[in-house]
Amino acid sequence: MSYEVFDGHNDLAWYLREERDYSVAGLNDPAVSPFTTMDQLAVGHVAAQYWSVYVHSSITGSHAVKATWEQIDAVQRFVTAYPERLQFARTAAEVRAARSAGRVASLMGVEGGQQIDESLAVLRSYARAGARYMTLTWSTTHSWADSATDEPQHGGLSEFGREVVAEMNRIGMIIDLSHVAPSVMHQSLDITTLPVLFTHSCAYGLNPHPRNIPDDVLDRVPGNGGVAMMTFVPSFVSNARRRWVEAGEQGTAPEVTVADVADHCDYVRERIGIDHIGLGGDICGVDELPTGLGDAGQYPNLFAELASRGWSETDLHKLGFANAMRVLEAHEEAYAAFLGSADEAAAASARDRS
């Protein structure tokens, strides 16, 4: 049996920026796009994909806003270029419509809070354009939130950072807690009234990489209704690979396999339950992926490995699609109200700050 995938994070747009000068031609040719082609998406049973509109954290201020809009444009262009394979989606209803049409529902997620340039208006503009989540930081601490892989400056979220989290709830934009410091994870879970995602992380309890989710945070996810989406980044998955990287990458890299990713899936399911786990491969975001998960067509290898470990059809459906869909649906009412309103709350908030 094949299982559909609602993947949390694919960096194809940034790959096109860095390697293809944003050309969307030839995206069904693995020589052009080795990690994600249209055929790979079909073979991998990818039914819905959050395309990351990522901007490197060295790009800041208005330049980050410009680069984000270039990334949004890139997603819009490649979705438009392959209408028989991809279909743009903002809502859960539109995801269902794309699936019914046999196309990959294509959503977007902003990766890095510096991309709003300290403006809630910019945040709202991304949401209106179809960016359904924002990762609060990337790998660098910025002006209002601490990153997991940089020195803390705020003790988690600044006061403005707390405003960002509250505004994301109000407009139905999903809070993504991958990349952020554990303090930001906890504070965001304290504030939010809607489920969160960790769009591309693994379990710290299995591999103590700072990009992974600590157990005390994982333990809070069921109470929030959120989903921790396991990623395929080798050094996040494998202890041996992490140690090799930390030692300076000398000699042959330890192999990372499908079984290693399955270990994280097992760990999270056992700790917090099957309703709170998903997949976010970070495909196109790294130069190398685990053996057996080397491109967007190889998700079935992970499902086969988990089935061999006793995961049921229901378990695999929840992991692959249903849990991520539930989080999107939980934001539907707030997002629809935001899109359909004159946004007087935002105007009042702006007046209060002036």
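Because only heavy atoms are used, hydrogens play no part in the values below, and waters and symmetry mates are left out as well, while side chains stay in.
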Please name the pair of heavy atoms, one in [X] and one in [Y], separated by the smallest distance, quoted to 0.1 Å.
{"X": "L16", "Y": "S23", "result": "CD2-O, 3.5 Å"}
{"X": "N28", "Y": "M38", "result": "OD1-N, 3.1 Å"}
{"X": "Q153", "Y": "D146", "result": "N-OD1, 2.7 Å"}
{"X": "G44", "Y": "V5", "result": "O-CG2, 3.8 Å"}
{"X": "L289", "Y": "G281", "result": "CD2-O, 4.3 Å"}
{"X": "Y133", "Y": "M173", "result": "O-CE, 3.6 Å"}

Non-hydrogen side-chain atoms of Q115 and Y126 separated by less than 4.5 Å: yes
Any L41 side-chain heavy atom under 4.5 Å of T36 side chain: yes
[X] with [Y]: basic N within carboxylate O range, under 4.0 Å:
{"X": "R241", "Y": "E288", "value": "yes"}
{"X": "R326", "Y": "E329", "value": "no"}
{"X": "D39", "Y": "R85", "value": "yes"}

Plane angle bin for Y54 and W14 - parallel if under 30°, tilted between 30 and 60°, otherwise perpendicular: perpendicular
Candidate list N10, D282, D11, test side chain to side chain donor-acceptor pair (under 3.5 Å), partner S52, passing option: D11
side-chain hydrogen bond (donor to acceptor under 3.5 Å, both in side chains) pairs, two or more places apart, involving residues 289-299: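 Matches after skipping sequence neighbours: D7-Y299, E255-T291, D295-Q298.
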Under 3.5 Å: donor-acceptor pair, side chain of R211, backbone of H200: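 Yes, the answer is positive, given that a donor and an acceptor are paired below the 3.5 Å cut-off.
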W138 and H56: CA distance, side-chain angles, deciding distance, ring-ring contact (aromatic ring centres under 6.0 Å, His included) verdict: CA-CA 8 Å; W138 185 59; H56 194 281; 4.8 Å; yes
Check: Y204/D216 side-chain N/O donor and acceptor closer than 3.5 Å: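 Short answer, no.
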Charged tip of R90 within 45° of Y335 ring normal and under 6.0 Å: no
Over 12 non-hydrogen atoms of neighbours within 6.0 angstrom of CD in E84: yes
